[in-house]
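Single-structure report; data block below.
Note: hydrogens, waters and symmetry copies are ignored here, and every other heavy atom, side chains too, is used. Letters A, B, ... mirror the listed sequences (proteins, then strands); counts begin at 1. None of these values were measured; they are calculated from a predicted model.
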2 protein chains.
Amino acid sequence: MKIRNTRPTMDDVAEKAGVSQMTVSRVMNGKGYISEEVRSRVRSAAAEIGYVQNRLARGLRSEKTPLVAVVLPTLGNSVFNDVLSGITDALTQAGYRPVFGVTEYSEAKEDELVRDLLSWRPSGIVLTGLEHSDVTRAAIAAAGVRVAEIMDIDGTPISLAFGMSQIAAGHATAKHMLAQGHRRFAYAGSHSGRDLRAGKRLEGFRRTLRDAGATLLSENISSKPSSMMEGRRMTAEILSRPDRPDAIYYSNDDLATGGIMHCLSNGIRMPEDIALAGFNGLPFLEALPVGLTTVETPRYEMGKQAGKFLSMPETDLAEDAGRVVDLGFNLIAGQTC
Amino acid sequence: MKIRNTRPTMDDVAEKAGVSQMTVSRVMNGKGYISEEVRSRVRSAAAEIGYVQNRLARGLRSEKTPLVAVVLPTLGNSVFNDVLSGITDALTQAGYRPVFGVTEYSEAKEDELVRDLLSWRPSGIVLTGLEHSDVTRAAIAAAGVRVAEIMDIDGTPISLAFGMSQIAAGHATAKHMLAQGHRRFAYAGSHSGRDLRAGKRLEGFRRTLRDAGATLLSENISSKPSSMMEGRRMTAEILSRPDRPDAIYYSNDDLATGGIMHCLSNGIRMPEDIALAGFNGLPFLEALPVGLTTVETPRYEMGKQAGKFLSMPETDLAEDAGRVVDLGFNLIAGQTC
DNA sequence: GGCCAGTATGTTTACGTAAACATATAAGTA
DNA sequence: TACTTATATGTTTACGTAAACATACTGGCC
């Protein structure tokens with residue numbers, strides 16, 4: 001008996017089935033003409049010796065792979081869990097597979113990551129946001145891969161963007177809070193200001209306040225990752241200042257929930273003593289004792305549509321280039337303002 | 001000027017730098033002897049023409065890849081988000097990359113997915129739980145990849161398992177509830193009973209009740225995905241029955257939170273009228289008006305350790321085979337029982 | 001001066017697959 | 001009948017890389 005220390009190849013299947021390697025290839029990929037008899041002989045030979053195709057060889061030869069690179073800023077936030085879920089669902093349906101990595105909101109890491117992911121010769125890539133370095137842009141252009149940018153639409157996409165206007169979300173929140181009569185605001189965010197989309201929301205928020213003549217007393221950016229506990233700490237700190245705001249805008253629901261916790265623990269009434277607003281519309285908000293005012297975002301849908309776009313059969317990309325798909329958002333007025 | 005429609009290869013870099021392709025390969029991989037002068041010439045030539053290595057060719061030739069296959073039941077649960085986060089962190093540190101897919105708690109899909117992922121010739125694979133079909137076991141054995149099984153340790157791992165005892169968690173919860181004086185129980189779970197780890201927790205729970213002479217009135221399994229709303233609906237339904245329990249054990253925190261919501265909305269006191277317990281110890285529980293009794297699990301750590309194991313330099317696997325790493329759990333006594 | 005070890009490079013080849021091209025038989029059509 | 005066309009298979013080759021195996025030049029040592 002022949003000793004194999006390597007995994008079976010098409011040649012092994014071919015020998016077993018008494019055909020050529022090319023015939024095996026045709027059977028496996030369902031291309032070209034194959035008689036029923038040979039097809040079944042090859043199939044059973046493959047099953048018998050446990051043949052598993054080698055995608056590396058396939059990808060090398062055919063110069064394309066069913067891979068899609070996915071670049072996310074973090075997995076430490078359930079937002080990106082939903083996005084990744086949408087991407088995975090869409091890709092899986094089309095027989096594609098995601099390979100991914102996280103940038104931790106760092107441009108340098110994005111550059112490195114994109115370069116590394118492109119070395120797998122994926123057929124597409126998902127990027128978060130619209131801001132990317134020239135290095136990344138050049139690498140992507142040279143690779144000739146399809147690109148989907150998600151989350152944000154305030155800017156010019158490389159190819160096609162699936163998201164919502166972060167600026168408009170900030171604007172809508174400010175407008176709502178102003179309508180409730182609040183005038184003195186504070187902002188609380190995290191990630192050392194590297195979260196560009198949070199920055200755009202703040203920009204929209206800030207501008208709307210300015211236009212209304214209201215005051216943004218302080219912009220507080222924590223260097224720690226966003227969490228309820230950090231939101232609680234920041235809120236306590238903000239409210240302890242002499243220059244006390246009557247409303248706080250948080251960069252996301254986790255921080256805002258920490259704010260709610262602080263207020264509940266200290267008998268601070270919402271919205272009478274302080275108004276709060278978050279962002280994302282995470283499911284757990286429904287279970288809180290106080291309904292948080294927030295902006296619900298189509299997270300899963302952004303991922304799903306991006307995945308679908310990237311796994312579509314080759315279509316004319318030129319007509320889509322630079323276009324934006326606005327999936328909108330939904331301001332949910334809760335009890336906190 | 002030469003027209004290239006293909007991406008630059010080592011040959012292109014070699015030509016530009018006036019060396020052989022093999023020298024380029026040596027520079028790129030830092031193997032063998034290379035003079036400083038040639039090294040920098042190759043480096044700048046590569047940078048100038050935008051060379052990006054082709055991992056498909058590299059993997060094909062060297063018969064190994066820095067890929068790790070990751071098989072999870074779902075991404076619709078933040079539990080697996082944490083796990084994936086841990087895996088990704090560990091792998092990234094070691095220069096490995098995850099390729100993943102979800103099984104939706106289906107064995108057939110697991111078989112298919114594992115086969116597909118193995119076609120990328122990964123150096124390792126992460127599986128969820130210890131129960132796998134013979135097909136999957138055979139495929140993995142034939143592929144000769146390292147295996148890490150996560151979440152569960154109640155059984156015999158293929159190689160090494162990182163998790164906690166689900167049975168013990170069920171037992172601990174039952175013991176705690178019994179100690180509070182509860183005697184008439186109901187169970188509420190989801191995923192059509194295909195979640196084997198939830199089944200093990202129930203098993204431990206059930207057995208402990210039996211040993212104590214308490215009653216498990218009903219086991220309710222929803223076919224819908226787990227969510228707070230579904231937990232709320234199930235709770236309403238269970239409490240409306242003539243045969244009313246005085247305690248409900250949920251398969252996870254989301255369902256249990258739905259139970260809390262139902263009780264709060266209907267003036268049902270916890271734990272006087274009904275005791276509740278969940279599982280996972282998700283962060284948002286801290287913000288609920290009522291502290292849920294639950295079991296906190298080391299989700300991130302399971303992923304992290306599994307990832308670390310799979311990205312370790314080749315060590316002797318034999319000594320580890322069949323071993324289990326118990327990362328424990330932590331019963332958190334809340335206000336619901 | 002001859003020899004060895006270390007350093008620095010080059011040449012050939014194989015990894016497993018699918019594209020491109022070639023061949024052959026059967027069935028239909030002018 | 002000759003001539004296409006559809007069907008069914010085989011042969012050769014290239015994808016980009018790294019392993020294996022050369023080759024050549026240095027400097028130190030007896």
Side-chain angles (χ1 to χ4, degrees), chain A residues 4-43 45-46 49-67 118-123 142-144, chain B residues 4-43 45-46 49-67 118-123 142-144:
Chain A
R4 301 206 115 283
N5 50 359
T6 69
R7 309 201 53 191
T9 70
M10 282 187 176
D11 283 314
D12 301 319
V13 176
E15 191 183 356
K16 182 114 190 169
V19 296
S20 71
Q21 173 262 317
M22 196 56 224
T23 298
V24 175
S25 173
R26 292 202 179 95
V27 171
M28 296 297 169
N29 299 304
K31 288 190 176 168
Y33 297 107
I34 294 287
S35 69
E36 240 351 287
E37 197 254 327
V38 166
R39 187 189 311 277
S40 74
R41 224 165 63 216
V42 169
R43 285 258 164 77
I49 65 180
Y51 171 75
V52 175
Q53 71 168 305
N54 186 329
R55 296 245 194 211
L56 302 174
R58 178 137 129 96
L60 178 60
R61 177 64 243 231
S62 64
E63 303 192 324
K64 62 182 169 182
T65 65
L67 285 180
L118 288 178
S119 74
W120 291 103
R121 301 293 189 263
S123 57
Chain B
R4 299 207 117 284
N5 49 359
T6 70
R7 308 202 50 193
T9 70
M10 283 186 176
D11 282 314
D12 300 320
V13 177
E15 191 183 356
K16 181 116 193 165
V19 296
S20 72
Q21 173 263 314
M22 196 59 224
T23 297
V24 176
S25 173
R26 290 201 181 96
V27 171
M28 295 296 169
N29 300 303
K31 287 189 177 168
Y33 297 108
I34 294 287
S35 69
E36 244 345 291
E37 196 254 327
V38 167
R39 189 190 310 278
S40 73
R41 225 167 61 216
V42 168
R43 285 258 165 77
I49 66 178
Y51 171 75
V52 174
Q53 71 169 306
N54 186 328
R55 295 245 194 211
L56 302 173
R58 180 142 135 90
L60 177 62
R61 176 65 243 227
S62 65
E63 303 192 326
K64 63 182 167 183
T65 65
L67 286 179
L118 288 178
S119 74
W120 290 102
R121 300 296 189 263
S123 58

How close or far is atom C1' of dT9(D) from atom CZ of R41(A), stated in whole angstroms?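 Value for this atom pair: 11 Å.
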Separation of atom CD in E36(A) from atom P in dA26(C), rounded to whole Å: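 Checked: the CD to P distance equals 19 Å.
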I'd like to know if the side chain of R7(A) pairs up with that of N54(A) as donor and acceptor (distance under 3.5 Å, no hydrogens or angles considered).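 The answer is no; no qualifying pair exists.
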What contact category does [X] fall into here, base, sugar-phosphate, or nothing, at under 4.0 angstrom with non-hydrogen atoms?
| X | result |
| --- | --- |
| T23(B) | sugar-phosphate |
| L60(B) | base |
| S20(A) | base |

Any heavy-atom pair between the side chains of [Y] and [X] that's under 4.5 Å?
| X | Y | result |
| --- | --- | --- |
| Y51(A) | V42(A) | no |
| K64(B) | R121(B) | no |
| W120(A) | L56(B) | yes |
| M28(B) | M10(B) | yes |
| V38(B) | Y33(B) | no |

How bent is the helix from dG1(C)-dC30(D) to dA30(C)-dT1(D), comparing axes over its five end pairs at each side, to the nearest 10°?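 End axes: 50° apart.
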Work out which heavy atom in [X] is nearest to a heavy atom in [Y]; give both atom names and the distance.
| X | Y | result |
| --- | --- | --- |
| G59(A) | T65(A) | CA-CG2, 4.1 Å |
| A45(B) | A17(B) | CB-CB, 3.9 Å |
| R26(B) | I34(B) | CB-CD1, 3.7 Å |

Atom pairs, protein N/O to nucleotides 17-21 of chain C N/O, distance under 3.5 Å:
unit_1	atom_1	unit_2	atom_2	d
dT17(C)	OP1	Y51(A)	OH	2.2
dT17(C)	OP1	N54(A)	N	3.4
dT17(C)	OP2	M10(A)	N	2.7
dA18(C)	OP1	N29(A)	ND2	3.1
dA18(C)	OP1	R58(A)	NE	3.2
dA18(C)	OP1	R58(A)	NH1	3.0
dA18(C)	OP2	S25(A)	OG	2.7
dA18(C)	OP2	N29(A)	ND2	3.2
dA18(C)	N7	Q21(A)	NE2	3.2
dA18(C)	N6	Q21(A)	OE1	3.1
dA18(C)	N3	R61(A)	NH1	3.0
dA19(C)	O4'	R61(A)	NH2	3.4

Polar-atom pairs under 3.5 Å, protein N or O versus N or O of nucleotides 4-6 of chain D: list them with distances, or write none.
none

Pair R55(A)-S119(B), side chain to side chain donor-acceptor pair (under 3.5 Å): steps then yes or no: CA-CA 6 Å; R55(A) 296 245 194 211; S119(B) 74; 2.9 Å; yes
If you assign each of L56(A) and E37(B) to its closest nucleotide in DNA chain C, which residue comes earlier from the 5' end?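 That would be E37(B).
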Any donor and acceptor pair, going by atom type alone, linking the side chain of S123(B) with main-chain N or O of L67(B) inside 3.5 Å?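 Present.
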